[in-house]
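Order of the sequence lines fixes the chain letters, A, B, ..., with proteins taken first and strands second; residue numbering starts at 1 for each chain. Values below: all heavy atoms of this structure, side chains included; hydrogens, waters and symmetry mates excluded.
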Amino acid sequence: MASKIRPVGDRVVVKPAQKEEVTKSGIVIPDTAKEKPQEGTVVAVGAGKLTDKGDRQPLEVKEGDKVLFAKYGGTEFKLDGEDMLVLRESDILAILKGD
Amino acid sequence: MASKIRPVGDRVVVKPAQKEEVTKSGIVIPDTAKEKPQEGTVVAVGAGKLTDKGDRQPLEVKEGDKVLFAKYGGTEFKLDGEDMLVLRESDILAILKGD
Amino acid sequence: MASKIRPVGDRVVVKPAQKEEVTKSGIVIPDTAKEKPQEGTVVAVGAGKLTDKGDRQPLEVKEGDKVLFAKYGGTEFKLDGEDMLVLRESDILAILKGD
Amino acid sequence: MASKIRPVGDRVVVKPAQKEEVTKSGIVIPDTAKEKPQEGTVVAVGAGKLTDKGDRQPLEVKEGDKVLFAKYGGTEFKLDGEDMLVLRESDILAILKGD
Amino acid sequence: MASKIRPVGDRVVVKPAQKEEVTKSGIVIPDTAKEKPQEGTVVAVGAGKLTDKGDRQPLEVKEGDKVLFAKYGGTEFKLDGEDMLVLRESDILAILKGD
Amino acid sequence: MASKIRPVGDRVVVKPAQKEEVTKSGIVIPDTAKEKPQEGTVVAVGAGKLTDKGDRQPLEVKEGDKVLFAKYGGTEFKLDGEDMLVLRESDILAILKGD
Amino acid sequence: MASKIRPVGDRVVVKPAQKEEVTKSGIVIPDTAKEKPQEGTVVAVGAGKLTDKGDRQPLEVKEGDKVLFAKYGGTEFKLDGEDMLVLRESDILAILKGD
């Protein structure tokens, strides 16, 4: 899929994991001060931000990484019928390992 | 068309793709937290931002690229009767390849 | 006219083109998310912004250029009875060529 | 646990201490101008922010540190069923020692 | 008058020109999106902003210059009973020449 | 006490002085535009902000200094049952001497 | 008095001049867009801001200077029973000379 899209700059394309957020009781008391992150898999990464010296800052995440990201940060779109998100690397909170 | 317009700095002129966003049911439940991106073709690119050292930072997108861009970022105008958008390269999310 | 005014820093003086925005139907449904740009001719340009190193960053636009600019960015004034605008070069979106 | 997650950039994963904030009288008169911090233990730290020169700025906190952090700064998530927070190092106020 | 006041940093003291903005009809339909600039004469200039290298960035305007400035930017005060304005050089839009 | 806590970066821990702000008349007419500072004693200081070059910028205040600080800037917490504040050095306005 | 207080960084302690702003008519029509400055005498100055290179940027104002300052910028406090203000040098608009 990375062959179909190339994020610009420090952007990353992520395929969100299936949401299993069904609350048993059916009631959700939202904690407005906190923003729950979401899981996903990195599908494509940009070449990195261009510095003042003309170098690209390589991204820390790479294709295939399972990541935790801030839901508010991304922009949704469809790629071959699948839901995707483009976001900046700074919206990726952590890389999940060995899972 | 690029011969008719030259974006300034890190700006890009994009010709938006035809919108095919007609919802079958006719009902749209907007997801306010998310901003849907739009597709288009790059028609002209600027020379790039000038750094403190007096160099231009070349753009990553080029004429002819099919791109995904944030709709809110651009400024609409007409060129030879066609709808166009000028936006900063930072409003371009990704380059669509081999399509 | 450039002999009568010198914009400071990265500013530019533009003479806006005559507005021909009369809608045939007389009804305008404003697209609030989009800001329509306006055309004009560059009348005078500043010496450019001073960098930390003490150099001036020369402007990309020059006297006589036909330009597309963001209407909200400028400050209106009259020069010899004609409507003019002073704006920063960053408010100039593109240079129109061969017109 | 650090083997399961790697924060990105200058981020840190913290396991919050058990809250013992039950007010005896049951009445809380919130002091809106002040934000109470919370205690926790650092579970994993990122590689640090990338500078313009391409170096990573190592974090000051390390795995195992007991820390005081600003509650509003973090993003909550669950790791192996336990409540965790990802936050930027700048949201960590102080390291508690010899406790 | 410059002998009586020295603006700090990149500030400039301007003596505003007499306002002759009396509208004939007596009715003003304000154009809120636009801010009309005002004319004045530079009375004193600061030594310039201090850069990270410890140099002062000399101002582009000088004592005696007739200038166009953004009205919202300045701070009014009286010097020897005359209305004056202190503003940053960045609030000065253009220098009027040969008038 | 400094042996028990180490502020991160450019942060400082301050023990606020006892408040003796009881107004005789019992009436307070708040001056909303002004923020009254508070006195306190520096209990612990951070190692300083990390610059782009990888150096720490040492703080100007040191343990034991009596300081004047902006009340809105800090975060309250308890250390060994005593009220403390963590704040950035930039929220410290002045050092009181020879008192 | 400078021996009793040392402002931190680029801060300055100013003793405001006695206010003689009693309006004869007793009516004040505030000009909300403009902020009237106030006069005062510099009582103590900080060592200056620390640059990225580890140098202090010396202040332009010095003890004893009569200055014009933006009233909204400062923080009021009492020193030996006298009203004082701590403000950043950037809130000082101009130095009044030979008065």
Quiz item: Relative to chain G, which segment of F:V61 carries a heavy atom at a distance below 4.5 Å: side chain, backbone, both, or neither?
Solution: side chain
Quiz item: To the nearest 0.5 Å, how far apart are CG in F:L68 and OG1 in G:T75?
Solution: 8.5 Å
Quiz item: Is the closest basic N to carboxylate O distance between F:E60 and G:R56 below 4.0 Å?
Solution: yes
Practice problem: Could you tell me the separation between the CD atom of F:Q57 and the OG1 atom of G:T51, rounded to the nearest 0.5 Å? | Solution: 7.0 Å
Practice problem: Supply the atom-to-atom distance F:D10 CG to G:L50 CG, rounded to the nearest 0.5 angstrom. | Solution: 11.0 Å
Self-check item: chain G contacts, top residue of F:D55, F:I92, F:I95 (heavy-atom pairs, under 4.5 Å)
Solution: F:I95
Quiz item: Is any side-chain heavy atom of G:K49 less than 4.5 Å from a side-chain heavy atom of F:S90?
Solution: no
Quiz item: Just by modelled atom types, is the F:P37 backbone N or O under 3.5 Å from a matching donor or acceptor in the G:E76 side chain?
Solution: no
Exercise. First locate atom CG of F:L93, then atom CZ of G:R11, and finally report the distance between them rounded to the nearest 0.5 Å.
Key: 5.0 Å
